[in-house]
Amino acid sequence: MCGTHPALAACRFAGLDLRNRYALAPMTRVSATGDGRATEEMAAYYAGFAEGGFGLLITEGTYTDRAFAQGYLDQPGIADEAQAAAWRPVVDRAHAAGARVVLQLMHAGAVSQGNRFRDRAAGPSAVQPLGEQLAKYRGSGPWPVPMELTRRQIAEAVAGFAASAVRAREAGFDGVEVHGANGYLLDQFLTPYTNLRTDEYGGGLPGRLRLVREVTAEVRAAAGPGFTVGVRLSQGKINDPAWRWPGGESEAEAVFTAVAEAGADYLHLAGGGRDWFPEGRTLPAIARAATGLPVIANGGLHREAVARRVLEEGHADLLAVGTGALADPDLPLRVAAGDALTPFDAGMLEPLATLGNARTYVSGNASAHAPA
């Protein structure tokens with residue numbers, strides 16, 4: 001029965017021919033070089049998911065400029081040619097193993113906690129982010145109050161996204177995904193309590209949507225035809241997971257429609273597989289109905305029954321798997337074989353969410369369970 005799981009069916013998604021409907025969700029691993037270049041260890045990490053059967057790989061958030069975009073120390077970038085060239089082995093190994101690869105373009109904005117180019121974060125308004133910095137990504141203590149971006153700096157951020165999309169295409173990626181989710185810059189502009197601007201980028205929903213529309217349109221134009229452009233959106237944030245769009249379903253439809261009209265080829269709803277409105281429609285289903293675009297759902301979709309329902313009921317087209325993929329990099333092969341899945345252990349990401357710590361964790365567990 002598992003061999004006929006709908007997630008195992010090949011498909012054409014947003015211009016990409018995929019061997020199945022499993023996507024690797026983007027996960028921050030802060031394991032690049034100090035100057036933002038992808039490493040051989042990262043190439044092996046992504047190749048493992050491709051060899052494990054995932055049809056689509058979405059990389060971790062990758063910073064897009066040498067100003068305010070970087071969010072974490074040892075985060076990869078694609079802000080210059082050296083960084084772009086370092087991604088080529090990652091792409092080549094994933095392609096050799098049969099997967100397609102999309103690079104996620106990210107600007108941290110106000111929630112940057114490690115930027116080698118600037119000593120202060122910048123966002124839509126000088127509003128201190130909620131909560132505290134993320135310890136597993138080398139942060140500690142409250143978030144500092146960010147600078148308010150000027151119109152010129154906003155234009156520079158938009159240009160950074162567009163130029164990075166061009167570099168990604170030249171590096172061999174099959175597409176890019178604009179990170180408009182999880183409380184980072186584009187989401188900060190969308191959120192009323194972090195965007196107090198009174199210019200064309202603030203105020204009501206149309207103004208707060210302006211930046212994500214501009215970024216999507218500029219990325220689409222710069223990347224050119226035949227290159228996939230997606231946008232990731234969410235309600236919850238890394239520092240405010242309970243946040244929900246105040247306008248409910250009508251606001252969700254407005255957000256999705258705005259991004260679609262700007263030129264997105266697909267939408268990716270972070271946590272969408274768990275977010276239900278009172279009437280029972282999921283965010284991915286709303287996005288699909290409102291825009292007609294293919295949609296990736298994310299959130300608890302390593303669970304066989306949930307994944308089956310999301311696909312069979314038409315909520316989404318692809319399933320993005322995060323912690324389930326960390327536990328089982330060969331998850332699609334396991335599902336095809338009917339094998340049991342491995343429970344995820346958060347210890348894999350402690351004390352830091354690096355690839356080195358994960359390797360130490362795996363080695364330690366293997367030694368603990370070795371025959372005496």
Side-chain angles (χ1 to χ4, degrees), residues 6-7 11-16 18 21-26 55-56 58 61 102 104-106 175-184 186-191 205-206 208-217 219-220 228-237 241 243-301 306-322:
C11 67
R12 186 163 177 81
F13 174 84
L16 302 175
L18 304 178
R21 296 179 183 271
Y22 279 114
L24 173 70
L56 177 67
I58 307 172
V102 166
Q104 188 182 77
L105 303 176
M106 175 185 147
V176 292
E177 180 175 283
V178 173
H179 198 344
N182 302 117
Y184 295 115
L186 303 186
D187 187 34
Q188 291 159 26
F189 271 83
L190 180 60
T191 302
L205 184 59
R208 288 184 279 111
L209 277 167
R210 183 183 182 98
L211 184 56
V212 70
R213 289 181 63 114
E214 287 185 355
V215 168
T216 303
V219 166
R220 172 72 280 160
T228 299
V229 175
V231 179
R232 179 171 163 103
L233 298 162
S234 72
Q235 296 191 100
K237 312 174 191 305
W243 171 258
R244 295 295 178 265
W245 291 327
E249 186 170 331
S250 63
E251 183 168 338
E253 290 176 341
V255 172
F256 300 147
T257 300
V259 172
E261 290 175 346
D265 295 312
Y266 74 82
L267 299 178
H268 180 181
L269 278 300
R274 289 188 293 248
D275 286 341
W276 295 79
F277 286 103
E279 59 270 32
R281 288 212 294 168
T282 60
L283 284 180
I286 293 169
R288 229 171 162 225
T291 67
L293 291 178
V295 172
I296 303 177
N298 167 245
L301 297 178
V306 177
R308 181 181 294 274
R309 179 181 177 186
V310 166
L311 293 175
E312 291 183 342
E313 294 182 3
H315 297 274
D317 301 272
L318 295 189
L319 312 173
V321 182

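Everything numeric here is computed off the predicted structure, so don't read it as measured data. We number each residue from 1, following the sequence as shown.
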### Query
How would you list all residue pairs meeting salt bridge (charged side-chain N to carboxylate O under 4.0 Å, His left out) that involve residues 258-270, not counting sequence neighbours?
Arg213-Glu261, Arg220-Asp265
### Within-4.5 Å side-chain heavy-atom neighbours: His179 and Leu186
no
### Query
Between Leu283 and Trp245, is any pair of side-chain heavy atoms under 4.5 Å apart?
yes
### Summary
Smallest heavy-atom separation, Pro6 atom then Leu311 atom, equals C-CD1, 3.7 Å
### Task
For the pair Arg12 (side chain) and Gly15 (backbone), establish whether a donor and an acceptor sit closer than 3.5 Å, ignoring hydrogens and angles.
yes
### Minimum heavy-atom distance His315-Arg309, with the two atoms named
CD2-O, 3.7 Å
### Task
List the atom of Leu209, the atom of Ala258, and the distance in Å for their closest heavy-atom pair.
CD1-CB, 3.9 Å
### Query
Rounded to the nearest 0.5 Å, how far does OG1 of Thr228 lie from CZ of Phe13?
8.5 Å
### Message
Once rounded to the nearest 0.5 Å, what's the spacing between atom CG of Leu293 and atom CZ of Phe256?
### Response
11.0 Å
### Task
Could I get the full list of side-chain contact (heavy atoms from CB on, under 4.5 Å) partners for Pro241, not counting sequence neighbours?
none
### Task
Work out which heavy atom in Ala289 is nearest to a heavy atom in Arg281; give both atom names and the distance.
CB-NH1, 3.9 Å
### Message
If the condition is side-chain contact (heavy atoms from CB on, under 4.5 Å), which residues does Ala25 pass it with, not counting sequence neighbours?
### Response
Asn298, Ala320
### Message
When you compare the side chain of His268 with that of Pro26, does any pair of heavy atoms fall below 4.5 Å?
### Response
yes
### Query
Looking at residues at least two apart in the chain, or sitting in another chain, which of them share a side-chain contact (heavy atoms from CB on, under 4.5 Å) with Asp187?
Leu190, Thr191, Lys237
### Message
Using side-chain heavy atoms (C-beta onward) and a distance below 4.5 Å, is Leu233 in contact with Leu269?
### Response
yes
### Query
Under a 4.5 Å cut-off applied to non-hydrogen side-chain atoms, are Leu16 and Tyr266 in contact?
no
### Message
Can you tell me how far apart CG (Leu301) and CZ (Arg21) are? Round to the nearest 0.5 Å.
### Response
13.5 Å
### Query
salt bridge (charged side-chain N to carboxylate O under 4.0 Å, His left out): which pairs involve residues 285-295, sequence neighbours left out?
Arg288-Asp317
### Message
For a side chain to side chain contact (heavy atoms under 4.5 Å, CB included) check, start with the C-alpha distance between Thr282 and Val310, then their side-chain angles and the critical distance, and finish with the verdict.
### Response
CA-CA 9 Å; Thr282 60; Val310 166; over 6 Å; no
#### Entry: Reported CD-to-CD distance for the pair Gln104 and Glu177, which is rounded to 0.5 angstrom
5.0 Å
### Summary
For Val295 and Ala316 the tightest heavy-atom approach is O-CB, 3.6 Å
### Query
Got a second to check how far Thr291's OG1 is from Glu253's CD, nearest 0.5 Å?
10.5 Å
### Query
How about Leu18 and Leu318: do any of their side-chain heavy atoms sit closer than 4.5 Å?
yes
### Message
Going by side-chain contact (heavy atoms from CB on, under 4.5 Å), name the residues that satisfy it together with Ser234, two or more places apart in sequence or in a different chain.
### Response
Ala181, Asn182, Ala270
### Message
Restricting to non-hydrogen atoms, name the atom on Ala254 and the atom on Leu205 that form the minimum distance, rounded to 0.1 Å.
### Response
CB-CD2, 3.7 Å
